[in-house]
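Encoded as structure tokens, the structure appears first; notes follow it.
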Amino acid sequence: MTNTIHTTAVTTKKDWTSDQEVRWCPGCGDYSILTAMQLLMPETGVRREDTVFVSGIGCAARFPYYMNTYGLHTIHGRSPAIATGLAMARRDLHVWVVGGDGDMLSIGGNHLIHALRRNVDLTILLFNNQIYGLTKGQYSPTSEVGKVTKSTPLGSLDTPFNPISVALGAEASFVARTHDMDRAHMQEVFRRAHNHRGAAIVEVYQNCNVFNDGAFAALTKKDARADMLIPLEHGKPVRFGANQERGVVLDDGVARVVSVADVGVDALHVHDETAADLSVAFALSRLADDRSSPTPIGVYCAVDRLEYAGAVDAQIATAQADRGPGNLAELFTSLPTWEVN
Amino acid sequence: MTNTIHTTAVTTKKDWTSDQEVRWCPGCGDYSILTAMQLLMPETGVRREDTVFVSGIGCAARFPYYMNTYGLHTIHGRSPAIATGLAMARRDLHVWVVGGDGDMLSIGGNHLIHALRRNVDLTILLFNNQIYGLTKGQYSPTSEVGKVTKSTPLGSLDTPFNPISVALGAEASFVARTHDMDRAHMQEVFRRAHNHRGAAIVEVYQNCNVFNDGAFAALTKKDARADMLIPLEHGKPVRFGANQERGVVLDDGVARVVSVADVGVDALHVHDETAADLSVAFALSRLADDRSSPTPIGVYCAVDRLEYAGAVDAQIATAQADRGPGNLAELFTSLPTWEVN
Amino acid sequence: MIDTKEFLPDVREVERIIVRFAGDSGDGMQLTGDRFTSASALFGNDLATLPEFPAEIRAPAGTLAGVSAFQVHISDHDITTPGDAPNVLVTMNPAAMMAELPRLESGGTVIANSDAFNQRNLAKAGYQTNPLEDGSLDGYTLISAPMTDLTTQVCKDLGVKPRDAQRSKNFFALGLVSWLFSRPTYPTLQWIREKFAGKDAIIAANEAAFKAGHAFGETAELSASRLAVRPARFDPGTYTNINGNTALSWGLIAASQKADIPIFLGSYPITPASDILHELAKHKNFGVRTLQAEDEIAAIGAALGASYGGHLGVTTTSGPGLALKGETLGLAVSLELPLVVIDIQRGGPSTGLPTKTEAADLLMAHYGRHGEAPLPIVAANSPSDCFAAAFEAVRIAVRYRTPVILLSDGYLANGTEPWRLPQIADLPNISADFATSPNALNEDGEEVFWPYMRNNDLARPWAVPGTAGLMHRIGGIEKEDGTGNISYDPENHQRMVTIRDARIKKIADSYPPTTIEGDLDADLLVVSWGSTWGAITSAVGRMRRSGQKVARVHLTNIYPLPNDLGGILRGYQRVVVPEMNLGQLSKILRAEYLVDARPISKVEGQPFTAAELHHNLLEMNR
Amino acid sequence: MIDTKEFLPDVREVERIIVRFAGDSGDGMQLTGDRFTSASALFGNDLATLPEFPAEIRAPAGTLAGVSAFQVHISDHDITTPGDAPNVLVTMNPAAMMAELPRLESGGTVIANSDAFNQRNLAKAGYQTNPLEDGSLDGYTLISAPMTDLTTQVCKDLGVKPRDAQRSKNFFALGLVSWLFSRPTYPTLQWIREKFAGKDAIIAANEAAFKAGHAFGETAELSASRLAVRPARFDPGTYTNINGNTALSWGLIAASQKADIPIFLGSYPITPASDILHELAKHKNFGVRTLQAEDEIAAIGAALGASYGGHLGVTTTSGPGLALKGETLGLAVSLELPLVVIDIQRGGPSTGLPTKTEAADLLMAHYGRHGEAPLPIVAANSPSDCFAAAFEAVRIAVRYRTPVILLSDGYLANGTEPWRLPQIADLPNISADFATSPNALNEDGEEVFWPYMRNNDLARPWAVPGTAGLMHRIGGIEKEDGTGNISYDPENHQRMVTIRDARIKKIADSYPPTTIEGDLDADLLVVSWGSTWGAITSAVGRMRRSGQKVARVHLTNIYPLPNDLGGILRGYQRVVVPEMNLGQLSKILRAEYLVDARPISKVEGQPFTAAELHHNLLEMNR
Ligand SMILES: Cc1ncc(C[n+]2csc(CCOP(=O)(O)OP(=O)(O)O)c2C)c(N)n1
Ligand SMILES: Cc1ncc(C[n+]2csc(CCOP(=O)(O)OP(=O)(O)O)c2C)c(N)n1
Ligand code: SF4
Ligand code: SF4
Ligand SMILES: [Mg+2]
Ligand SMILES: [Mg+2]
């Protein structure tokens, strides 16, 4: 339980695979996310015993059972809070948090935004399938208006959250998006999130083929990607399209998709993920307001700021340096005392 | 309980003042907010019996007791949820929600952001004094990093929320800020919020003279205002300063304070509160990142979009038009039945 | 409508049959069971059903975790449970055989889809050899049919894709079982046509499969004899086969109509309560408003807000959700507003066994709030009784201005039984009785409205916003008796705590006298609540038919307990309380009456069977 | 240090005195009371204090709502309560007189700041005429002094602003009372100099006011005689005057040091628990981590997460917060991890009386979770006992791997009493005993780690992340006995429910035998828990001194109850249970032992007085 970080292990995918039978529906997008993770972990060099997956409840939240690490499957919505305690207590661990859009944004919304603003060193994966999978198909806080589900037979009326915007509004220091159809992209984004100091949140577009099949197909199916996904790359102009023919400009503060031919490459916005001001990241997040328009993927922002658990440890170290390690006899006599003989 | 809205009453401030003794500390900023409200109400022409103030717990949350209307003082953090039920049930009422920064952003953060995204017809006042008043002085989610309070003797480590950014990240349709030192401004902003269709949130900078005295003095004291408050006015360039000598531009998506002389009036950002894209409102909210820099006040955005309770009522009306008003006999026989003689 | 006189003479008649359909989650067993049930209901049998789902949405095909089962008990007389050991087990694959065979009565009939018993499936289920062939089913009657194959064959010329054809194999099974038990075929055929209207190929495939299964029964040389169950003698009326969650939803709607206040449901999905949200959301034309809230706390909060506005606030959940609602329930107790809180109990603690039944939330319902925060508790007894229990909960909530907890459980929620439709005019009226005028004089002799004045029931007035002249402010801080103003006065607090306690206890004055069933002069009294009702009814019946004396009392109103209950309990030498928990009601009875009430506990995620209770009661009566 | 032999011979000696300081919130009464208490503690008296704050932060000056009071009981012998009716009442304004006079013993002494009894203040307090003049204090001994005026005068030449001078009038009152009760003056003078170091004008003003008050007593012709209370006979040792919340915090720190696992406190501010957060936050050098979480659910969640990581997870709250923690507590029960959950009870239900005391969360502590979710409950008896109770809670949590609920209340939290510092070496050791190696063999004979293997205590291993080879996954779904893998098996569930129940019951095996105090052969047994301890001790003492026989048992471990308790209860004809609720422990005793335990209830937001309990017990013994 010393707070030293070990990063020396040589492992393979198999080492990271637990002995538990995977219980998602055949065809579920969760499988490819799991694979991406099990492939990534050996590359990071971290030790399995130093890695913990914490989750709430939902299909997504079954994730920890399948990783051969420490795993804590908790209750609905509370994983960011529980993980906060673990990460504050144990800075030597790598704490991952996994949950669905209901778990993280509905019942768990408050814990999520507070974990983000505190910037606790957590790597949070939000599997967004825009539906409640485990409870068999009610709409979620990311479902589109008008969605007909078991709980909204006449269509939902709730404006959905944009998870990226929510995270930015909550002062998140690392925000990214990826999707379950592109293992390499997932792996790269997860790696970036894992390496970030502080709270990192990754929205993963995930297909629930049973209750919301094809929710992201218009964006993520192979032949749509070039036109519908806008890869964000640090230091590069934001461009996309099969021939890089489209791009993004900031037009009086608002991000807009334009034809590169119309505006010229120099007019394109050059992505700066390190910008301390989150305004541009927010503007980019608004591009994805409906699924018929192109959506940025990749790292929206990766800002270095005060990490919580480290700061807590530093306060403890300072207190111990200033006052010496705790001494019970001193504590007991810190109020006025008197002796009786 | 018919859902007709009455707006005919002729009243005075006294009519809106309840018989309960006001129990805030002498000098508390809450007094002037109360006065602003009691002065505003007669101007709106609404009836007292159609007005409800709902609150949670905290000093701010005592507000309903002092208004001679219907009032519901609930439990800590839950007022947005409770008010959502009331507003959905009773579209004929004017439902106000009042709470402190702890009530609304700490324990109640999730209910707040969900009420905002649903766009329920509520007028929400967040009295931000950057402290827990009622529990005698712990830091709050809006307290600045380093704040020394009873619960943070070595200084707080939590990055605060920016309430305007949080609201915008949650898809709020009306967001504004005012402060307790300017009754006329409060009254105007409250009026605007009251008239908005959907969820309106107003952050009120409020001085807690007992536990956090002068938190906003650098911005709100008489001689600082001209230089430190940036009034947002729809359709006008964003300018401020004793001689309107400073202004705000959008610089590649980021809002910056400039000297008008340097850039010229035409370069200034012209405020459009009706912009459906919340990017610029968000960029403006980042100007206030610390209290030593100028802060926009007024209406950040006022966007017309699907109001929840109305949409729910419309679904009911459609269902009744399509299927007739509910008929128990029909309901009971809607599954296969058989007769026994 | 069916002519209940119709009967088939060429088969052996039995009093009752228990059939269990089991297969992979993808095999459509719930639907098959449901169809068989409907046909039996229309035929006039009494019946009770018990669906059992796997916990996973779609567990891997062919595994034990993926087995889905549906049990139905049909009878020519009044029955109260889905039965103990099935007489017939339908197994669509080896995993179903492995998981379910232990339940079958010894010597019972096994029907198996032999096509599914291939090497791969056998291995997945953990069989070394094929049970259809290795003699391990000796002692049972085995009807083995290549259902997949036969179904594919009959579909060949119908233009159905092979995959769709294979999917229809459950209708083959249904056809076979329908033949075996002499069920009328036309309700199923008609249902297929209605259900799949527009999808002609599917209709054709399902019909063909169903008929093929029926024909298989007629033509194959089956070693099992064909059985029939006569229609039961029901009271005259119109019946429907209903599950607990639907009955509960309808009970709420009926009560809301009678009280003339619209329902506002605030809910957050959770198994096994979600279906009430789904059902109520369908009935917007009754003025029902439903909010899928962000969590359980918001759900009850919104419902309470709506109640404050004069609607009938309702919130539905299961144990984990009720645990979250405790603080807001305390506020509701303090506000004294009508509110119905429904807990469809499931296996706990924590996430526990979410798809299994249990009844271990009783003490939380009593005490899961800080401070002295009493509230009435009502429990449903059977699937159709959920209607009456919901109605009773609304009655109490509205009349006494109080939150009420209504307890049901996973077994009642999904189980079905025939329900005689009530005459709408016969449903009791509920009066909202909103306050419309001042009710007190202040010191200056002016008319004022005091929100905490009380009527004879000790209930306070319900004055909803919008009512001129009655503006008032209330909250969760202690209130002055009468005025409702904030009061920190010590004696006032004592008085208010006492009044809140007394007003809930007073609700018992509105109950009918408690019914003792069975032998009033027995030594043994069985006291029970909730879904144990059916199994206890059967077990007590068996006891009495075998000459054992036993009395029983079943409680619908759990808190406050009936005024006459103490006297009843003291009249018996032994009191036993069968419960699906470690003895929660028995704890309450012991504390209340100092009677040595002994629990009979079962916490297996499954209801008591009549047989095990019979066994237990026999022991107790020795 | 004080020479406890020192004594003043020129005054009348009494055994004990109860003084109550009352004034406006702005009058500094808490500080005045505190100073008087400290001087008495240093002098060697036994003592007990009870501060009472108004609910508002700063209620309007001069109103009844703004009255702040501090009661202190000093004695020459062992006392256990802050006393019933004060002998002396200090009133700094009319509102304090109006609110507090009814408490004073008849014939008691009233000390009043006559300057404050002006027209305006009298009206605010609801007086028509001035009680200092209208004869309504006849029958009391009245010492009226123009404190504001005299204080301003003595400060005139000290360079103190008039406003600051006025503020010092509480030191005038303190000086006067100190003279009246022959308190040594130098501790107060010394404290003033330390406290206001650097603010010379304030020091001068306070000193001058204090001395002026003292002189006023010496020079004025006071009709009250000067009293003194001898030092009490204490066991030898070092003492400090401590309140419950501080003692509790120190108990946690001591236990954490003994167990060698750092404290992680997750908390959300709430009266009267916040001070534990404040206190623990000060002690970061003990490795204490504190998180002011976003709400109570996050607070317990974070604590549980830290426990999973091998820290001592603690969460502190009051009733409303505990109601919110129920679901997460259920998870902790299921995870079987150490966790200490502290509820400083206050008046309920709902927001209730947040600044007043009550003990009505006992049944919620027992049952406020869904499913069968048993956990141990410990309660503190007195302010200083909070140390021991916290230590005991940690002991149980760590040894038995379980969440523990520790109950205290508002009265203990703020009340103080002398506490003899324990010898650190005498504090029992607590062993975290983390798992370090595999504990089972799998089917292939390989060494594996099973998180739900159990030791003789039925406790499971605590294997923290970072430990190589022990990786495992656990959660709130039912777990297979031993392996901890998810299991939906019915029999396994029954087994696990039974084991969870048994392992908590087993904790009682670790208790010392229950102590019966008083007359073992009495007919009447008083059973109690929590902060009633002091008042019952006094009342039982009075009973016995007056020749009445009575026995008493006070419980620290409320769940599981001691193994020998049933036998004890059955040995008495009458069992009474005084409680600050409507009879919650009595309910549990009745259910458990079928003993007719009768509650004595008080729910007024104030502790029992010894006198009222004495009265009640006399009635019971007739
Ligand atoms: C307190 C509580 N409320 C509700 C539930 C029921 N529940 C389980 S998972 C879930 C939502 C699942 O949706 P999501 O989080 O999006 O995950 P997915 O299954 O889609 O991966 C709900 C409502 C629960 N287990 N606990
Ligand atoms: C469930 C619950 N937790 C905690 C509290 C204690 N509490 C009351 S008000 C409050 C916070 C007050 O701060 P804020 O909301 O900012 O309001 P202010 O007093 O500053 O106006 C807290 C923590 C409570 N009443 N209920
Ligand atoms: S229900 Fe949807 S999200 Fe859940 S496992 Fe199945 S496909 Fe995946
Ligand atoms: S504590 Fe602060 S916020 Fe509360 S009433 Fe006093 S001054 Fe106002
Ligand atoms: Mg989802
Ligand atoms: Mg505040």
Side-chain angles (χ1 to χ4, degrees), chain C residues 54-55 65 297 318-320 322-324 326-327 330-331 333-335 343 345 347-356 358 360-361 363-364 366-373 475-478 488 490-491 493-494 497-498 500-501 581-582 587-588 590-592 594-596 602-606, chain D residues 54-55 65 297 318-320 322-324 326-327 330-331 333-335 343 345 347-356 358 360-361 363-364 366-373 475-478 488 490-491 493-494 497-498 500-501 581-582 587-588 590-592 594-596 602-606:
Chain C
I297 304 177
S318 186
L322 189 59
L324 287 167
E327 195 209 1
L331 175 64
V333 166
S334 177
L335 292 179
D343 175 11
Q345 299 163 96
S350 196
T351 310
L353 296 175
T355 57
K356 309 282 176 183
E358 198 160 295
D361 296 353
L363 288 169
M364 173 172 65
H366 274 85
Y367 303 121
R369 299 162 293 283
H370 64 284
E372 293 290 350
I477 300 184
E478 187 59 286
Y488 301 115
E491 277 136 46
H493 180 49
Q494 178 89 48
V497 167
T498 311
R500 279 189 290 263
D501 194 54
N581 57 49
L582 292 183
K587 241 186 201 122
I588 289 167
R590 292 167 68 89
E592 195 63 29
L594 291 181
V595 161
D596 188 10
K602 179 174 185 183
V603 197
E604 297 192 356
Q606 294 174 336
Chain D
I297 304 178
S318 185
L322 188 58
L324 286 167
E327 195 208 0
L331 175 64
V333 166
S334 178
L335 292 180
D343 175 11
Q345 300 163 95
S350 196
T351 310
L353 295 176
T355 56
K356 309 283 176 182
E358 198 161 293
D361 296 352
L363 288 169
M364 173 171 65
H366 274 85
Y367 302 122
R369 300 162 293 283
H370 64 285
E372 294 289 351
I477 299 183
E478 187 59 284
Y488 300 116
E491 276 136 47
H493 181 48
Q494 178 87 49
V497 168
T498 310
R500 280 188 290 262
D501 194 53
N581 58 48
L582 292 182
K587 237 181 205 129
I588 289 167
R590 293 167 67 88
E592 196 62 29
L594 291 181
V595 160
D596 189 10
K602 178 173 184 182
V603 196
E604 297 193 355
Q606 294 173 336

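Below, chains carry the letters A, B, ... as their sequence lines are ordered, and counting in each starts from 1. When reading the values below, keep in mind they use all heavy atoms of this one structure, side chains included, and skip hydrogens, waters and symmetry mates. All of these numbers come straight from a predicted model, not from anything done at the bench.
C:Ser350 and D:Ser334 get closest at one heavy-atom pair: CB-CB, 3.9 Å. Scanning both residues, D:His370 and C:Gly319, for their nearest heavy atoms gives CG-C, 3.4 Å. What you find for D:Ala373 and C:Pro349 is that their closest heavy atoms are CB-CB, 3.8 Å.
Per-residue heavy-atom pair counts under 4.5 Å with chain C were compared for D:Ser318, D:Gly348, D:Pro54, D:Gly326, and the maximum is reached by D:Gly348. Contact count against chain C (heavy-atom pairs under 4.5 Å) is highest for D:Gly352 among D:Gly330, D:Gly352, D:Ala65. Of the listed residues (C:Gly605, C:Ala323, C:Ala591), the greatest number of heavy-atom pairs within a distance under 4.5 Å of chain D belongs to C:Ala591. Note on C:Asp361, C:Leu353, C:Leu331: by heavy-atom pairs under 4.5 Å with chain D, the leading option is C:Leu353. Options C:Gln345, C:Lys587, C:Lys602, C:Glu491 differ in how many heavy-atom pairs under 4.5 Å they form with chain D, and the most are formed by C:Lys587. Ranked by heavy-atom pairs shorter than 4.5 Å toward chain D, the options C:Pro354, C:Gly475, C:Pro490 are led by C:Pro490.
No option in D:Lys356, D:Glu604, D:Glu358 other than D:Glu358 meets the side chain to side chain contact (heavy atoms under 4.5 Å, CB included) test with C:His493.
For D:Ile297, the part lying near chain C is the side chain, with the backbone staying farther off; criterion is any non-hydrogen pair under 4.5 Å. Only the side chain of C:Asp501 has a heavy atom closer than 4.5 Å to any heavy atom of chain D. Heavy atoms of C:Ile588 lying under 4.5 Å from chain D are absent altogether.
D:Gln494 places a side-chain N or O within 3.5 Å of a backbone atom of C:Val603 that can act as its donor or acceptor partner. For the pair C:Glu372 (side chain) and D:Leu582 (backbone), a donor-acceptor distance under 3.5 Å is present.
Listed by chain and residue number, C:Arg590, C:Arg598, D:Leu594 satisfy the side-chain contact (heavy atoms from CB on, under 4.5 Å) test with C:Asp596 (two or more places apart in sequence, or in another chain).
Rounding to the nearest 0.5 angstrom, the gap separating the CD atom in C:Glu327 from the CG atom in D:Leu324 is 4.5 Å.
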